[in-house]
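Presented below is the structure to which this report refers.
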Amino acid sequence: SQQGEEDPQALSIQEGENATMNCSYKTSINNLQWYRQNSGRGLVHLILIRSNEREKHSGRLRVTLDTSKKSSSLLITASRAADTASYFCATDKGSNYKLTFGKGTLLTVNP
Amino acid sequence: DGGITQSPKYLFRKEGQNVTLSCEQNLNHDAMYWYRQDPGQGLRLIYYSQIVNDFQKGDIAEGYSVSREKKESFPLTVTSAQKNPTAFYLCASSRGRVDTEAFFGQGTRLTVV
């Protein structure tokens, strides 16, 4: 069963614009994580936000978490062509530390 | 270099054959995971292991088997019972504690011919 659902499924923007992706989940979580996947490669961890945190920044990334709405957003500012990838949210719930992933958002940044 | 290594990168299997995908990590992580990814889809958990000599089924374990005899290694066998094995397989590891990230290998693309 997939806990997280990303929205939109695909997003196409121009270089320099901001990209916002959303993630909704169903049950209580310990934390929510965002990962990036270049085509045909493994996933790379971007940022983790704990359930008691509301916002977190890392470089050009800004993540928010609203536990009352069971949703999170990932904002990439001043996007670059190299940001083109699929972005996944993953939730960690319970005590067995397994991550449950959504279906991802395919971001295309046009030069 | 510390990391997680999957091999082979590409694997072709004839129908009815079992194949084993390798996953090795030198990060000293306790937990290891196998995920399956189909085109345009997210990751679905096959099996995971939080400690040596112990593992649990994930959401789609049918037709797969694993072992965890060593901390560093978590091989996945795709058996002939798996009816639709063509997919991209990803192995990951983590410290297996709350609020820790997962590290992924580069994946194995399995094709049934």
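Numbered from 1 within each chain, the chains take letters A, B, ... in sequence-line order. Computed from a predicted model, the values in this text were never measured in an experiment. Heavy atoms only: backbone and side chains are in, while hydrogens, waters and symmetry mates are out.
With respect to chain A, the highest number of heavy-atom pairs below 4.5 Å among B:G96, B:G107, B:S94 belongs to B:G96. Ranked by heavy-atom pairs under 4.5 Å with chain B, the first of A:G40, A:S86, A:S51 is A:G40. Interface check for chain A: of the options B:F88, B:Y35, B:F104, the most heavy-atom pairs under 4.5 Å are formed by B:F104.
Of all the heavy atoms in B:E101 and A:L48, the pair that sits closest is N-CD1, 4.5 Å. Minimum interatomic distance between B:Q37 and A:F88 (heavy atoms only, all atoms of both residues): NE2-CZ, 3.5 Å. Counting all heavy atoms, side chain and backbone alike, A:N31 lies closest to B:D99 at ND2-OD1, 2.9 Å. Closest heavy-atom contact between B:A102 and A:L99: CB-CD1, 3.8 Å.
B:R95 does not touch chain A: none of its heavy atoms, backbone or side chain, sits under 4.5 Å away. Of the atoms belonging to A:Q9, not a single heavy atom falls under 4.5 Å from chain B. At a 4.5 Å heavy-atom cutoff, the contact between A:L43 and chain B is made by backbone and side-chain atoms alike.
A heavy-atom distance below 4.5 Å is not found between the side chains of A:K98 and B:Q56.
In the displayed structure, A:R41 atom CZ is contacted under 6.0 Å by at most 12 heavy atoms of other residues, nucleotides or ligands. No more than 12 heavy-atom neighbours from other residues, nucleotides or ligands sit within 6.0 angstrom of CD on B:E69. Around the CZ atom of A:R54, the shell of radius 6.0 Å holds more than 12 heavy atoms that belong to other residues, nucleotides or ligands. Surrounding CD1 of B:I51 are at most 12 heavy atoms belonging to other residues, nucleotides or ligands under 6.0 Å away.
Transitive grouping of hydrophobic side chains (ILVMFWY, heavy atoms separated by less than 4.5 Å) keeps B:M32 and B:V52 in distinct clusters. Under the 4.5 Å side-chain heavy-atom criterion for Ile, Leu, Val, Met, Phe, Trp and Tyr, B:V19 and B:V112 are members of distinct hydrophobic clusters. No continuous path of ILVMFWY side-chain contacts below 4.5 Å connects A:L106 to A:I13, so the two sit in separate hydrophobic clusters. Taking hydrophobic clusters as Ile, Leu, Val, Met, Phe, Trp and Tyr residues chained together by side-chain heavy-atom distances below 4.5 Å, B:Y10 shares a cluster with B:V113.
With values rounded to the nearest 0.5 angstrom, A:K103 atom NZ is found 10.5 Å from B:D38 atom CG.
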